Each structure stands twice: as C-alpha cells, then as structure tokens.
Amino acid sequence: MLAIRRRRELANPLVFFVIVVSLFPLGVSPDQELLSKMAPGVIWVTALLATLMSMDAMFRSDYDDGSLEQLLLLPGPKVLLIGAKITAHWLSIGLPLVVLAPVMSLLLYFPMHAIGSLIVTLLISTPILSLLGSVGVALTLSLRSGGILSSLLILPFYIPVLIFSTMAINASANNLPVSGYYALLVAFLIVLTILIPFAVVAALKVSYN
C-alpha cells in the first residue's frame, strides 16, 4: 500500500529499465545476431541498475519521519518487520521487472526457447538483490549521501548474482544444462533469506546510534 502511494518511487526504476533496454537496438546496432548475443547481459545489467536505483526508498521515508525508529521499539521479533519490508520492496520492484523482462527481451531478439530461463533467473535472483541491498541501505541510512555510498557498497556483492544468472541464460540459449546454476542461486537465496534480516536489524541499530 505504501509503495502504491509513492508511485514515483515505484515507477522510476521500471521506466528506467524499459527506456534503457529500448535504446540498445537504436544506439548499438539493429543487427539481430549481435543483439541476441547481448540480450542476457543487457537485460540483467539493466534490471540490476533499476533495482539499485530503488534501494534507498526501502527505509528512507520511514527513517526521515521517525516511523522506522518507532517500529523498531515495538515488542516482538524485529526480523519479521525487516523481512516484510524487504518482501514489499521485491513485490513493488523485483516482480514487475520479472513481468517486463520477457516483453523487453523481444526487442533484443532474445531466443524464445530461453525466455523461461530468463524468467526463472529473475524470479530467484531479484529477491537476492533486494536482500543484499537492504544491508547497504541500513548501514548508510544516517548519512546525507547514503544513497551513493550504499550503491558502492552493494554493487560488488551483486556481481556473483549477475554472473551466475547470465551464465544460466546463455546455457539455456545454447541448449546446455542449467540446473546447476539454478541450484546455486536457490542456495544463495535461502542462506540470505535466513541471515540478512538479522544483519539489517543490527545495521539499523548502528545507524540510529
């Protein structure tokens, strides 16, 4: 509901994703074979940057108006609250990217038989992006230029997700086995889902101190 009220924060990363992917056939080359080879990397890098754009909004407004501090003072497990915030971020940014990506991939002549792999990697990996990003945002919440600093902190941790996701899509496009890549990403997601909410609670306490 909060994300719907903040439509600009919701729309900007998705508009960025659509515009950047649309510009590649115009700005790089209309060659079908070249665009098809570039498509997994273009879509995934653009989705990653769009997610990064939206990360600061996860806690910023609640921090500025003091509601986040009040929520952290409430009795009960704080990790559930943080888990809900991260889930809301994924539902408002990650899930729309999963829906948009197959449509935008058609502009890049993405192989139709590999679109399923594109969707699966985005479904597994966009929650990972939200989880990793939440730690960086929580650590830099009290800083004036925290958005830029958190992006610099988060970006190196996004690289393995980017590598394994694009490798899975390329393997699928070449009719090679992809289950190993999926297993690695799922294992990564499970571990982070368990550990990250605790790390975010600790990071928020550091920011408030």
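Since we're looking at a predicted model, the values are computed, not measured.
Residues Leu122 and Ile159 fall within the same hydrophobic cluster, defined by Ile, Leu, Val, Met, Phe, Trp and Tyr side chains chained together at heavy-atom separations under 4.5 Å. The hydrophobic clustering, which links ILVMFWY residues whose side-chain heavy atoms are closer than 4.5 Å, places Ile86 and Leu91 together. Hydrophobic cluster membership differs between Val99 and Ile124, with clusters built from Ile, Leu, Val, Met, Phe, Trp and Tyr side chains linked at under 4.5 angstrom.
For residues 29-85, the pairs satisfying ring-ring contact (aromatic ring centres under 6.0 Å, His included) are Tyr63-Tyr208, with sequence neighbours left out. Every pair passing salt bridge (Lys or Arg N to Asp or Glu O under 4.0 Å) that includes a residue from residues 37-51 is listed here, sequence neighbours excluded: Glu33-Lys37. The list of side chain to side chain donor-acceptor pair (under 3.5 Å) pairs with a residue in residues 155-165, not counting sequence neighbours, reads Ser125-Ser165. Applying the ring-ring contact (aromatic ring centres under 6.0 Å, His included) test to residues at least two apart or on different chains, none of the pairs has a partner in residues 83-122. Annotation: salt bridge (Lys or Arg N to Asp or Glu O under 4.0 Å) contacts involving residues 158-187, sequence neighbours excluded, are absent.
The shortest side-chain heavy-atom distance between Ser105 and Ile115 falls under the 4.5 Å cut-off. For the pair Lys85/Asp62, a side-chain contact is recorded, criterion being any heavy-atom separation below 4.5 Å from C-beta on. Using a 4.5 Å heavy-atom cutoff, the side chains of Pro77 and Leu80 are in contact.
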Mind running side-chain contact (heavy atoms from CB on, under 4.5 Å) on Leu48 and Leu155 for me, showing each step along the way?
CA-CA 9 Å; Leu48 186 150; Leu155 204 52; 3.7 Å; yes
Step-by-step side-chain contact (heavy atoms from CB on, under 4.5 Å) determination, Val18 to Val103
CA-CA 10 Å; Val18 171; Val103 179; over 6 Å; no
Could you go through the side-chain contact (heavy atoms from CB on, under 4.5 Å) check for Ser151 and Met55 one step at a time?
CA-CA 8 Å; Ser151 298; Met55 290 310 305; over 6 Å; no
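The neighbour count for Phe16 CZ, taken as heavy atoms of other residues, nucleotides or ligands under 6.0 Å away, is above 12.
Annotation: the span from Leu95 atom CG to Thr126 atom OG1 amounts to 7.5 Å, rounded to 0.5 Å. Between Ile128 atom CD1 and Phe164 atom CZ the span is 10.5 Å, to the nearest 0.5 Å. If you take CD on Gln70 and CG on Asp65, they are separated by 10.0 Å, rounding to the nearest 0.5 Å. Put simply, CG on Leu132 and OG1 on Thr51 are 11.0 Å apart, with the number rounded to the nearest 0.5 Å. How far NZ of Lys78 is from CD1 of Ile82: 10.0 Å, rounded to the nearest 0.5 Å. Taking OG from Ser54 and CG from Leu52, the interatomic distance works out to 8.0 Å, rounded to the nearest 0.5 Å.
Considering only residues two or more places apart in sequence or on other chains, Ile19 meets the side-chain contact (heavy atoms from CB on, under 4.5 Å) condition with Val15, Leu23. Residues satisfying the side-chain contact (heavy atoms from CB on, under 4.5 Å) test with Leu108, not counting sequence neighbours, are Val21, Phe24, Pro25, Leu35, Ala39, Val42, Ile43. The side-chain contact (heavy atoms from CB on, under 4.5 Å) check on Val45 picks up Leu49, Leu162, with sequence neighbours excluded.
When every heavy atom of Leu106 is checked against every heavy atom of Met112, the shortest pair comes out as CD2-SD, 3.7 Å. When all heavy atoms are compared, the tightest approach of Ile119 to Pro102 is CG1-CG, 3.6 Å. The two residues Ser134 and Met58 make their nearest non-hydrogen contact at CB-SD, 3.6 Å.
Side chain of Asn174 to backbone of Leu176: no donor-acceptor contact under 3.5 angstrom is found. Checked by atom type and distance alone, the side chain of Ser36 never pairs as donor or acceptor with a backbone atom of Gln32 at under 3.5 Å.
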Compile the donor-acceptor pairs under 3.5 Å between side chains in residues 178-205 and protein atoms, sequence neighbours left out, one pair per line.
residue, atom, partner, partner atom, Å
Tyr182, OH, Ser117, OG, 3.1
Thr193, OG1, Leu189, O, 2.6

